[in-house]
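Model, not experiment: these values are computed from the prediction. Computed from heavy atoms alone, side chains included, the values below leave out hydrogens, waters and symmetry copies.
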Amino acid sequence: MKIRFIRHGDPDYVNDTLTEKGRKEAELLAKAADRLGLGDCYMSPLGRAMDTAAYSLEAAEKKAEILDWLREFPAQVDVNESKALQKAYPDAEHKDGKFLPRIVWDMVPGYWTEHSEYSHPVRWRESQVAKYSDLVSAYDHVIEEFDHLLAEYGYEREGSHYRVVQENDTTITLFCHFGITCVLLSRLWNVSPFVLWHSLALAPTSVTEVVTEEREQGTAYFRGLRLGDISHLYAGNEEPSFACRFCETFGNKEQRH
C-alpha cells in the first residue's frame with residue numbers, strides 16, 4: 001500500500017486559495033497525475049488544498065473525499081505565562097498588552113534544539129509548548145482519525161507498528177498541508193513531530209510517498225520512497241515556491257525571516 005501526501009500550491013493565506021504561481025504549480029502537478037496514479041483521493045477542507053486538488057482530480061477524472069482532520073494542524077500555543085516561550089517565539093504579535101496565540105511548531109531553532117524533549121518520541125508531550133497549548137489533544141485526535149483510515153485499508157495500529165489484517169496494494173493520495181503531513185509522518189515513523197516540522201521543507205505541490213514493507217508476515221512498516229518531490233515543477237521550468245522556508249542567511253532581507 002502506498003500513501004501519497006501532496007502539499008497545496010503556493011498559498012494566498014488571506015483568501016485561503018492559491019496565488020497565480022500556485023495555480024501554475026497545480027497545473028503542472030496535474031500533468032503528472034496519470035503517471036502518479038492517484039488511487040483513492042482525500043483532501044483537506046481548506047480552500048488552498050481543494051483548489052490544488054481540483055486540477056489533478058479533473059485530469060485523472062477522479063473525485064476526492066473531504067476529511068476535516070486533514071486541515072492544517074491547528075494547535076496553537078499561549079506564551080503569555082512563559083518567559084522561555086516568549087523567547088522561543090520572538091515574532092509573536094501583541095494585542096491589548098498580551099501576546100497572541102502562535103502556531104506551535106513555528107519556534108526558533110535556538111530554543112527547541114537545546115531542549116532535548118522536543119526531539120524525543122514521547123517526551124515532547126511534556127514540553128513547555130505542550131503545557132501551554134492544545135498540542136497533545138490536537139495531535140491525538142489527528143492520529144486517531146489517521147489510524148481509523150488506515151484500518152479501513154487493512155492496517156491496524158498495534159504498538160509502534162501496523163498489524164496487517166488484510167494485505168493491500170491500494171494507493172491513497174492526501175491533498176493537504178505541510179504541518180499536518182509532518183504529524184502523519186511522525187505517527188508512521190514513531191518520531192517527534194517537532195523533528196519533522198523543523199527538519200523538512202516540503203515545497204508547495206511537492207509529493208511525498210511512503211509504502212508498506214511486510215518483511216514479517218502480519219507486520220507492516222511504512223518506508224519513504226520520495227520526500228518533497230517537485231520534479232513536475234522542474235519539468236515545467238517552474239521555480240519552486242519559497243513558502244514554508246525561512247532565510248538561508250540572516251542578512252538576506254528578500255527571503256522570509
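A donor-acceptor pair under 3.5 Å is absent between the side-chain atoms of Thr212 and the main chain of Tyr221, judged by distance alone. At least one donor-acceptor pair under 3.5 Å links the side chain of Gln255 to the backbone N or O of Glu248. At least one donor-acceptor pair under 3.5 Å links the side chain of Asp78 to the backbone N or O of Asn80. With hydrogens and angles ignored, the 3.5 Å screen pairs a side-chain donor or acceptor of Glu25 with a backbone N or O of Asp10. Proximity of a side-chain donor or acceptor of Gln86 to a complementary backbone N or O of Val79 within less than 3.5 Å is detected. Of the possible polar contacts, one joining the Tyr155 side chain to the Asn168 backbone as a donor-acceptor pair under 3.5 Å is found. Here the side chain of Ser199 pairs no donor or acceptor atom with the backbone of Leu196 at under 3.5 angstrom. The main-chain N or O of Trp105 is found under 3.5 Å from a side-chain atom of His198 such that the two form a donor-acceptor pair. At least one donor-acceptor pair under 3.5 Å links the side chain of Asn190 to the backbone N or O of Ser160.
Chaining together hydrophobic side chains whose heavy atoms lie under 4.5 Å apart leaves Phe246 on its own. The hydrophobic cluster around Phe175 extends to Ile6, Leu29, Leu36, Leu38, Met43, Met50, Leu57, Ile66, Val207, counting ILVMFWY residues whose side-chain heavy atoms fall within less than 4.5 Å of a member.
Here Thr171 pairs with Lys2, Arg4, Thr173 under the side-chain contact (heavy atoms from CB on, under 4.5 Å) rule; sequence neighbours left out. Among residues two or more places apart in sequence or in another chain, the side chain to side chain donor-acceptor pair (under 3.5 Å) test is passed with Asp96 by none. Judged as a side-chain contact (heavy atoms from CB on, under 4.5 Å), and not counting sequence neighbours, the contacts of Ser133 are Val77, Val104, Val129, Leu135. Contacts of Ser116 classified as side chain to side chain donor-acceptor pair (under 3.5 Å), with partners at least two apart in sequence or in another chain: Arg123. Applying the side-chain contact (heavy atoms from CB on, under 4.5 Å) test to Asp169 and every residue at least two apart in sequence or in another chain returns nothing. Residues forming a salt bridge (Lys or Arg N to Asp or Glu O under 4.0 Å) with Glu27 (at least two apart in sequence, or on another chain): none. In this structure Glu214 satisfies the side-chain contact (heavy atoms from CB on, under 4.5 Å) test together with Val164, Glu167, Gln217, sequence neighbours excluded.
You'll find the ring centres of Phe194 and Tyr118 inside the 6.0 Å limit.
Note on residues 70-96: pairs passing ring pair (Phe, Tyr, Trp, His ring centres under 6.0 Å), not counting sequence neighbours, are Phe73-Trp197, His94-Phe99. Residues in residues 148-159 take part in these salt bridge (Lys or Arg N to Asp or Glu O under 4.0 Å) pairs, two or more places apart or across chains: Glu156-Arg163, Glu158-Arg163.
Look at Lys21 and Glu238 and you find a salt bridge, because one of the NZ, NE, NH1 or NH2 atoms lies within 4.0 Å of a carboxylate O, short of that distance.
Nearest approach of Ala33 to Ser56, heavy atoms of both residues: CB-O, 4.0 Å. When all heavy atoms are compared, the tightest approach of Arg7 to Pro204 is NH1-CD, 3.4 Å. Contact detail for Gly9 and Thr52: the closest heavy-atom pair is N-OG1, 2.9 Å. Across all non-hydrogen atoms, the minimal contact from Ser231 to Arg35 is OG-NH2, 4.5 Å.
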Could you go through residues 180-189 and list every donor-acceptor pair under 3.5 Å that involves a side-chain atom there, pairing it with any protein atom two or more places apart or in another chain?
residue, atom, partner, partner atom, Å
Thr181, OG1, His177, O, 2.7
Ser186, OG, Tyr139, OH, 2.8
Ser186, OG, Val183, O, 2.7
Arg187, NE, Asp147, OD2, 3.1
Arg187, NH2, Asp147, OD2, 2.6
Trp189, NE1, Phe222, O, 2.9

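For Arg223, the CZ atom counts as loosely surrounded, since its 6.0 Å shell holds 12 or fewer non-hydrogen atoms of other residues, nucleotides or ligands.
Inter-residue side-chain proximity for Asp91 and Arg102 is flagged as met; some heavy-atom pair is nearer than 4.5 Å.
With hydrogens and angles left out, the side-chain atoms of Thr19 and Asp12 include no donor and acceptor closer than 3.5 Å.
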